[in-house]
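Let me begin by presenting the structure, written as structure tokens, before commenting on it.
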Amino acid sequence: MSDHLSQSAIPTEPRRHGLRAWVRARLTRPLLALLAFVLIAPLVPYAAMYAERGNVPNPGTALWNEVRQRTGPIDADTQVRGVESNVLINQVGERWREFRSKMLVPAGAWLLLGTLAFLALFRTLRGTIPLEGGRSGQLVPRFSVNQRVVHWFAAILFVFLAVTGLVLLYGRFVLIPLLGPEGFSATAAAAKEGHNLFGPIFPFAVLAMLVLFARGNGFRWIDVKWFFKAGGLLKGHPASSGYYNGGQKSWFWMVLLFGIAISVSGLILDFGVFGQGREVMALAHVVHGGVAVVFIAASLGHIYIGTIGMEGAFESMSHGYVDANWAREHHDLWLAEMEAAGMVGVEPNALEEVKRHDNIDFKGFGSPGTKAVEG
Amino acid sequence: MFLEFVEGPLWYFSVVVFVVGVLWRLVDVFRQPSRTDLSAARAGGVAGALRTIVTRSWTAKGFSRGATFHLVAGYMFHIGLFVLLIFAAPHVKFIEERILGFGWTPAPHWVFMVASDLAFAGILLLWLRRLMHPVMRKISTFDDHAAAILTFVVMLTGCLALLKSHDSLRAIHMLTVCLLMIYFPFSRLMHAFTFPISRAYTGAAMARKGVNA
């Protein structure tokens with residue numbers, strides 16, 4: 001009883017205080033748990049990714065992936081109408097820049113310098129390949145006027161485009177130390193204009209080369225033998241060939257294939273008004289630059305062997321005639337056909353030369369047929 | 001400094017030499033004595049002169065096969081050069097500012113490119129043909145080669161200076177232009193002015209004789 005009384009005597013909390021306590025006692029923990037859940041739950045995927053990948057991605061990654069359009073199709077929209085006007089940051093341009101500076105420039109330099117070094121070494125070891133039998137004094141007509149005009153037309157264009165192209169590719173490294181920034185700037189500006197203006201003519205030169213030089217440039221079994229004998233470049237190992245040898249045929253097809261690749265890619269770069277975007281332009285530049293460097297390197301060999309590398313070779317493209325001994329040592333099968341056709345030991349008479357070249361009918365290994373000896 | 005000299009005193013000197021030289025050559029042509037034709041004219045000379053000026057613009061029958069190269073390359077070069085000279089935007093501006101005081105609508109860039117490609121390809125092909133063809137080589141003189149090379153260099157320097165970003169490139173182009181203008185009256189480049197006179201003289205003489213030339 002006394003206990004009961006004593007308990008009743010204890011002042012009790014007001015009713016509202018009881019509610020607060022009840023709320024505090026019953027709801028605080030769940031609310032805190034809910035709050036923790038709301039705060040922590042969004043982090044769970046990141047935690048999971050962290051656990052999987054070992055790092056936490058920048059929350060802005062998704063945004064910048066969208067801006068840089070790294071993934072998926074481009075779905076950005078803009079009021080500006082134009083090629084790639086909805087591209088904020090071009091990804092291809094960066095990859096192209098990386099390729100140009102880290103692959104094309106150094107690899108191209110090594111290839112070109114390596115080719116020059118190889119030619120220098122070859123010249124040191126072999127020297128000018130002489131006419132073993134000396135000059136016979138008998139002339140054999142080899143290239144017509146039209147063939148020589150087209151050859152030099154293509155050659156002049158090629159050298160001009162090669163030099164201006166190399167200025168654009170390597171001028172920063174080679175010319176700035178020599179000419180200074182201002183001098184290089186003027187040279188590069190001139191090279192760029194010249195390259196872009198002369199470039200569109202080159203496809204027509206390649207086409208003309210195809211028309212005038214295709215005949216006789218098909219590969220035959222004898223060309224394989226020629227390659228196995230290193231083209232007769234080594235002393236004491238002559239190699240038979242017809243009107244064109246394996247090396248000349250390889251060069252012809254190289255000119256044709258590289259010429260087409262470099263012309264198509266060059267026109268894409270030169271006339272950027274047909275809707276091609278940066279991606280196409282970058283790809284065209286990769287093809288253009290890569291093929292051009294290989295083309296130039298191969299041309300160094302052609303130029304060397306056609307000028308100072310071999311006695312008597314240049315005359316075929318300068319005057320159209322070669323010495324009979326030159327033909328015997330380098331194109332023996334062709335010479336045999338020319339002898340059969342009565343075309344060896346002709347007089348270099350101007351009018352007769354024109355007549356003869358107009359009548360040349362290339363057959364067999366490319367030598368003139370009997371039609372040529374009329375008159 | 002160099003550009004100022006080339007576009008100043010040298011330019012004016014070149015213009016004087018060009019104008020006086022061309023006039024002197026033309027007056028000289030017209031002052032050449034001609035034999036009096038005592039026979040009765042069979043047809044009017046004027047009609048023959050005008051006809052020949054036109055008909056000599058293409059090759060006569062019988063010569064077409066051998067002259068196709070010259071015809072095509074010749075027109076490529078001359079039409080291309082004409083468009084470059086008269087309608088290239090920098091030339092129109094130069095003519096307006098320095099010569100006539102008025103200009104005209106220049107050709108768009110793609111026309112300029114086509115014209116320059118035609119001109120460059122044409123002059124290269126013609127000059128190489130001159131070097132490679134045995135007959136052409138024999139009848140060619142120093143003047144033929146000098147005129148071709150100088151014209152090519154003028155065109156080339158002009159195209160290299162197209163970006164208009166460097167005075168040095170412009171100065172080199174103007175220098176070659178001045179050299180060409182000084183050389184012009186004393187060379188076979190005079191055919192630019194004398195070709196109609198030559199054709200008209202031949203056409204009129206042949207027409208009076210009753211020859212369809």
Side-chain angles (χ1 to χ4, degrees), chain A residues 141 143-157 160-161 164 167 179 182-205 207-208 267 270-274 317-321 347-358, chain B residues 2-3 65-66 68-70 72-73 76-77 80 84 88 90 108-110 112-140 148-149 152-153 155-173:
Chain A
F143 290 119
S144 70
V145 172
N146 286 342
Q147 283 179 310
R148 283 180 286 143
V149 167
V150 164
H151 170 268
W152 289 115
F153 180 62
I156 290 171
L157 289 174
F160 181 82
L161 291 169
T164 51
V167 166
L179 306 175
E182 185 62 25
F184 168 68
S185 175
T187 309
K192 183 246 178 197
E193 288 301 323
H195 198 85
N196 288 353
L197 273 172
F198 275 72
I201 311 175
F202 192 66
F204 295 98
L207 182 65
L267 291 173
D270 209 356
F271 298 93
V273 293
F274 295 106
M317 268 303 164
S318 62
H319 291 87
Y321 291 91
E347 292 294 323
N349 178 289
L351 289 172
E352 282 302 311
E353 185 185 17
V354 176
K355 196 174 177 182
R356 189 178 305 116
H357 282 142
D358 284 347
Chain B
F2 180 61
L3 179 63
R65 184 173 175 272
T68 303
F69 184 95
H70 282 95
V72 174
M76 281 168 61
F77 166 63
L84 287 183
H109 186 67
W110 70 268
F112 173 85
M113 285 198 75
V114 171
S116 59
D117 284 346
L118 286 175
F120 277 120
I123 194 170
L124 266 179
L125 288 170
L126 290 170
W127 185 62
L128 286 171
R129 178 85 172 172
R130 185 181 290 284
L131 285 176
M132 296 296 156
H133 195 285
V135 178
M136 290 287 294
R137 191 167 59 229
K138 283 189 188 305
I139 64 174
S140 297
I149 292 170
F152 179 83
V153 169
M155 289 162 50
L156 180 65
T157 56
C159 287
L160 296 186
L162 196 61
L163 213 56
K164 293 185 281 189
S165 56
H166 296 83
D167 285 348
S168 54
L169 297 176
R170 181 187 171 96
I172 292 171
H173 178 52

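Throughout, a chain's letter reflects where its sequence line sits, starting with A, and its residues are numbered from 1. Every value quoted in this text rests on a predicted model; they were computed, and no experiment measured them.
Counting heavy atoms from C-beta outward, B/F69 and A/V149 have side chains that approach closer than 4.5 Å. Within the 4.5 Å cutoff, no side-chain heavy atoms of B/V114 are placed close to those of A/P200. A 4.5 Å side-chain heavy-atom check between B/M113 and A/D270 finds at least one atom pair inside the cut-off.
Interatomic distance, CD1 of A/I201 versus OG of B/S116, reported as 7.0 Å (0.5 Å rounding). Note that NE2 of B/H109 is 7.5 Å distant from CZ of A/F271, once rounded to the nearest 0.5 Å. Expressed to the nearest 0.5 Å, how far CE of B/M132 lies from CG of A/N146 amounts to 12.0 Å.
Contact tally against chain A (heavy-atom pairs below 4.5 Å) for B/L162, B/L160, B/L118: the top residue is B/L160. For the set A/S318, A/S185, A/G199, A/A205, the entry with the most heavy-atom pairs within less than 4.5 Å of chain B is A/S185.
Using a 4.5 Å cut-off between heavy atoms, B/L156 touches chain A through its side chain atoms alone. Both the backbone and the side chain of B/L125 have a heavy atom closer than 4.5 Å to some heavy atom of chain A. The parts of B/A121 that come within reach of chain A are both its backbone and its side chain, each placing non-hydrogen atoms under 4.5 angstrom from that chain.
A/I156 approaches B/L124 most closely through the heavy-atom pair CD1-CD2, 3.9 Å. Contact record, B/R137 with A/R148: NH1-NH1, 4.5 Å, taken as the closest heavy-atom pair. Nearest heavy atom pair, residue A/A186 against residue B/H166, reads N-NE2, 3.3 Å.
Under the 30°/60° scheme for interplanar angles, the aromatic rings of B/F120 and A/F198 are found to be tilted.
Around CZ of A/F204, the count of heavy atoms belonging to other residues, nucleotides or ligands within 6.0 Å does not exceed 12.
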